[in-house]
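Order of appearance sets the numbers: ligands from 1, and atoms from 1 within every ligand. If you're wondering where the values come from, they're calculated on a predicted model, not measured in any experiment.
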Amino acid sequence: MPRLVILGRQGSGKGTQSARLAERYGVPHISTGDILRVAVAEQTDLGQRAMAIMDAGDLVPDEIMLGIIEERLAAPDAARGFVLDGFPRTDAQAQGLAALLGTEGLDLAVDLAVPDEVVIERMLARGRADDTEEAIQRRLDLYEEQTAPLLEWYSNQDLLVTVDGVGTPDEVFGRLAEVIDA
Ligand code: AP5
Ligand code: MG
């Protein structure tokens with residue numbers, strides 16, 4: 001059962017493809033963005049802290065995110081594998097995840113590669129609360145600054161594969177399944 005991390009710019013299709021991959025491999029789809037949006041909708045303490053941060057396109061603090069992931073990965077359904085979507089996003093999160101997973105580690109980190117122009121178009125068409133021009137730009141800037149360096153980190157561990165994320169969702173899914181099954 002695969003233990004996967006899906007990396008890629010905001011709007012690259014991580015959520016779309018992770019849901020399909022989770023179904024194909026029978027493992028949970030763990031999206032930190034979805035977990036946070038549920039907390040916001042339910043107005044929990046976490047949600048109240050996260051809402052303004054998310055609307056601005058900023059990152060929720062690492063220690064909060066690591067706590068969420070530690071708890072989620074400890075659930076029985078994650079013992080057989082998982083698709084992580086939107087986590088890790090910073091160096092501290094990647095180090096924390098590696099410490100949590102221990103020797104079993106990850107099978108693969110996938111970079112879903114889609115250029116800026118295309119992701120901006122996709123997000124503006126979607127219209128989520130944080131899909132304003134300002135918040136999209138902030139998220140993309142933070143991606144370059146904090147998340148893109150993780151590609152090299154995973155590549156150095158021989159865990160990274162890059163998959164072209166431009167095309168129809170079916171085309172992209174076919175490419176992903178091919179590299180994961182290889
Ligand atoms: P998160 O929910 O992770 O949002 P994001 O990173 O901005 O990414 P998106 O969900 O927008 O994009 P996606 O790659 O999932 O693409 P999707 O499949 O939706 O995070 C939101 C916020 O939460 C963050 O800004 C931050 O504040 C906080 N947060 C979350 N995780 C955190 C962490 N680890 N640390 C700190 N803070 C964290 O596709 C986008 C659109 O394109 C959709 O409309 C879709 O239908 C469409 N689409 C998908 N594939 C295709 C295709 N092939 N062709 C055409 N359209 C497509
Ligand atoms: Mg998403």
Working for side chain to side chain donor-acceptor pair (under 3.5 Å), residues Tyr143 and Asp116: CA-CA 11 Å; Tyr143 176 84; Asp116 267 357; over 6 Å; no
task: Evaluate the salt bridge (charged side-chain N to carboxylate O under 4.0 Å, His left out) criterion for residues Asp131 and Arg126: first the C-alpha distance (whole Å), next the side-chain angles of each, then the deciding distance (0.1 Å), finally the verdict.
output: CA-CA 7 Å; Asp131 287 335; Arg126 178 178 59 186; 2.7 Å; yes
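Between Arg128 and Asp55, none of the side-chain N atoms (NZ, or NE/NH1/NH2) sits under 4.0 Å from a carboxylate O, so this pair counts as no salt bridge.
The 4.0 Å heavy-atom shell around ligand 1 contains residues Arg9, Gln10, Gly11, Ser12, Gly13, Lys14, Gly15, Thr16, Thr32, Gly33, Leu36, Arg37, Met54, Asp58, Leu59, Val60, Met65, Gly86, Phe87, Arg89, Gln93, Arg122, Arg126, Arg128, Asp130, Arg139, Gly167, Thr168, Pro169, ordered by chain and number.
Between the side chain of Arg139 and the backbone N or O of Asp130, at least one donor-acceptor pair lies under 3.5 Å. Glu171 places a side-chain N or O within donor-acceptor distance of the main-chain N or O of Thr168, the cut-off being under 3.5 Å. Side-chain atoms of Arg72 do not come within 3.5 Å of backbone N or O of Ile30 as any donor-acceptor pair.
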